[in-house]
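Chain identifiers are assigned alphabetically (A, B, ...) following the order of the sequence lines, protein sequences preceding nucleic acid strands; residue numbering begins at 1 within each chain. Values below: all heavy atoms of this structure, side chains included; hydrogens, waters and symmetry mates excluded.
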2 protein chains.
Amino acid sequence: MALEHAILVSLLEKPGSGYELARRFERSIGYFWTATHQQIYRVLRRMEGDGLLAVREVPQQSRPDKKEYTVATPGRRALSAWLHEPVEPESIRHELAVKIRGAAFDDPAALISEVERHRKAHDDRLRRYLTGERRDFTGPEAPRPLDVGQELQHVVLRGGIAFERMTIAWLDDVLDTLHGLSAARSGT
Amino acid sequence: MALEHAILVSLLEKPGSGYELARRFERSIGYFWTATHQQIYRVLRRMEGDGLLAVREVPQQSRPDKKEYTVATPGRRALSAWLHEPVEPESIRHELAVKIRGAAFDDPAALISEVERHRKAHDDRLRRYLTGERRDFTGPEAPRPLDVGQELQHVVLRGGIAFERMTIAWLDDVLDTLHGLSAARSGT
DNA sequence: CATACCATGTAAATAGTTACATGATTCC
DNA sequence: GGAATCATGTAACTATTTACATGGTATG
């Protein structure tokens, strides 16, 4: 299960609560894995039961107390073991692509606004990634030289940026295609 | 559930058995959705029970008989309805990226062979896609002009090609980074 | 005073994976 | 004789999503 491993990596980078993990899954970890708070809380409890994590109750003033999780030695070992095992190269799952092929059996032009909406969402994400990249890795405020962990975080972020750029370019291709089909239909 | 919709699209393109669908999910549909035969058989039965699909027993000689599924009118309507609803822009899930960030807590150089293996898998997939593109859409054997369904299939395939190319370029970036880290560690 | 944020969970349903199972035919 | 292809499935488990639930604090 990659969620367990993603949690181990995130907690090794910095210990934190389920809530904090959920927030990280919306941001930095989010560009390669997603999870909701419900799932995170459940997996945290299991991992703690398995001895992979240690918990510490942290009392807070003017905020609810929280449980701070840290990676225990067996957790570190489990991550190491996984890193040395091969994982299957991933295939994509893209609902919008299903829709695009499905549009052949409906009105292709009706899909244009949906594709535009997706294009905007990816464009927003790209901007967020680029802002984060300047802040943490390439801007004047960024530490220099970067340590090993930061270099690796940066190369993963570059992957996220490349993915969003590719997706935006492809969605433009899709929009051109859909417009072309409407024009042809109504007689060039 | 996108698997249902992917099945509807595939069966509209061409009716077929569960086995045939499973094979398509390894090929053409595979570049935007995956499913195993076990899952497909289960969903097919449910969809038939819901009246979305019609079945026909097809006797065959020198092969086991098969059940050929066709999309029924309610199935067509369900697909139409879904096409007009918005779906959430997808986030990626990439186990290898989890590993790359995890490598900071282990030996980054140990990941090189794993990344190379993934690079090769994506390169193989790209070659298959390009062969399919020439055969079905751009080669001299391809029909011309393409109909609406073929244009849409082609733009989705171009998405798969763009994804594989982007991934390969990114994995090269990852390999450079990993090599750079090893060189720096052993003292430049 | 309403909204957003902090913080943690339960319950139910659906989706997806992995292991097991069968049996005929074709190709090397 | 063994492996691959055609064809369909059951059972068990794991992962993920969605809906519901609570309650305090800070901000405009």
Novice: Using atom CZ of B/F25 as one end and atom C1' of C/dT17 as the other, report the distance to the nearest whole Å.
Specialist: 16 Å
Novice: Counting heavy atoms from C-beta on, name the nucleotide in D/dT17, C/dG9, D/dA15 closest to the side chain of A/R42.
Specialist: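 Closest nucleotide among those given: D/dT17.
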Novice: Let me know, please, whether B/R45 or B/R93 comes out on the 5' side of the other along DNA chain D by nearest nucleotide.
Specialist: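 Going by which nucleotide is closer to the 5' end, it is B/R45.
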Novice: Could you tell me if the side chain of B/R101 sits less than 4.5 Å from the side chain of A/S28, heavy atoms only?
Specialist: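 Yes, their side chains come closer than 4.5 Å.
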Novice: What is the distance, rounded to the nearest whole Å, between atom CZ of A/R46 and atom C1' of C/dG9?
Specialist: 16 Å
Novice: Rounded to whole Å, please give me the gap between CD in A/E90 and C1' in C/dT17.
Specialist: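 So the CD-C1' distance, A/E90 to C/dT17, works out to 14 Å.
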Novice: Does B/R158 form a side chain to side chain donor-acceptor pair (under 3.5 Å) with A/T177? I'd like the steps, not just the answer.
Specialist: CA-CA 11 Å; B/R158 289 201 297 273; A/T177 304; 3.2 Å; yes
Novice: Are OP1 or OP2 of C/dA7 and a side-chain N or O of A/Q60 less than 4.0 angstrom apart?
Specialist: yes
Novice: Does A/H118 reach the main-chain N or O of B/V87 with its side chain, forming a donor-acceptor pair under 3.5 Å?
Specialist: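 Yes; at least one donor-acceptor contact below 3.5 Å.
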Novice: Counting just side-chain N and O atoms, does A/Y19 come under 4.0 Å of either OP1 or OP2 of C/dC6?
Specialist: yes
Novice: Please state how far atom CG in B/L3 lies from atom C1' in D/dT17, giving the value in whole angstrom units.
Specialist: 16 Å
Novice: Quick one: on DNA chain D, does B/P64 or A/S62 contact a more 5' nucleotide (nearest heavy atom)?
Specialist: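 The residue closer to the strand's 5' end, by nearest nucleotide, is B/P64.
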Novice: Would A/R46 and A/E4 pass as an ion pair if we require N to O under 4.0 Å?
Specialist: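 So A/R46 pairs with A/E4 through a salt bridge.
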Novice: Indicate yes or no for a side-chain donor-acceptor contact from B/E164 to the backbone of B/I161 under 3.5 Å, with no hydrogens or angles considered.
Specialist: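 Between the backbone of B/I161 and the side chain of B/E164 there is no qualifying donor-acceptor contact (under 3.5 Å).
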Novice: Which one, C/dT17, D/dA7, C/dC5, comes nearest to the side chain of B/T36?
Specialist: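 Taking heavy atoms from C-beta onward, the closest nucleotide is C/dT17.
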Novice: Whole-Å distance between C/dC5 P and A/E26 CD?
Specialist: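 Taking CD of A/E26 and P of C/dC5, I get 10 Å after rounding.
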Novice: The side chain of B/Y41 is closest to which nucleotide in this list: D/dA7, C/dG16, D/dC6?
Specialist: D/dA7
Novice: Within the structure provided, determine whether A/L53 and A/L44 are in side-chain contact (heavy-atom separation under 4.5 Å).
Specialist: yes
Novice: Keeping the roles fixed (side chain from A/R56, backbone from A/Y69), state whether a donor-acceptor pair exists under 3.5 Å.
Specialist: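 No, the answer is negative, given that no donor and acceptor are paired below the 3.5 Å cut-off.
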Novice: B/L21 CG to D/dG9 P: how many Å, rounded?
Specialist: 13 Å
Novice: I need the CZ-P distance between A/R63 and C/dC5, as an integer number of Å.
Specialist: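 So the two atoms are 12 Å apart, to the nearest Å.
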Novice: Side chain of B/Q39, heavy atoms from C-beta onward: which of D/dC6, C/dA15, D/dT16 has the nearest atom to it?
Specialist: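 The nucleotide sitting nearest to the side chain is C/dA15.
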Novice: In residues 6-17 of chain B, which ones come under 4.0 Å of DNA chain C, going by heavy atoms?
Specialist: none
Novice: If I take atom CD1 in residue B/I40 and atom P in nucleotide D/dA7, what distance separates them, rounded to the nearest angstrom?
Specialist: 14 Å
Novice: From the set D/dA7, C/dT17, D/dT18, return the single nucleotide nearest to any side-chain atom of A/Q38.
Specialist: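 Comparing D/dA7, C/dT17, D/dT18 against the side chain of A/Q38, the answer is D/dT18.
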Novice: Among the candidates D/dC6, C/dT17, D/dG9, find the nucleotide nearest to the side-chain atoms of B/K67.
Specialist: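 The listed nucleotide nearest to B/K67's side chain is D/dG9.
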Novice: With a cutoff of under 4.5 Å between side-chain heavy atoms, which Ile, Leu, Val, Met, Phe, Trp and Tyr residues group with A/I92?
Specialist: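 Members besides A/I92, by chain and number: A/F163, A/M166, B/I92, B/F163, B/M166.
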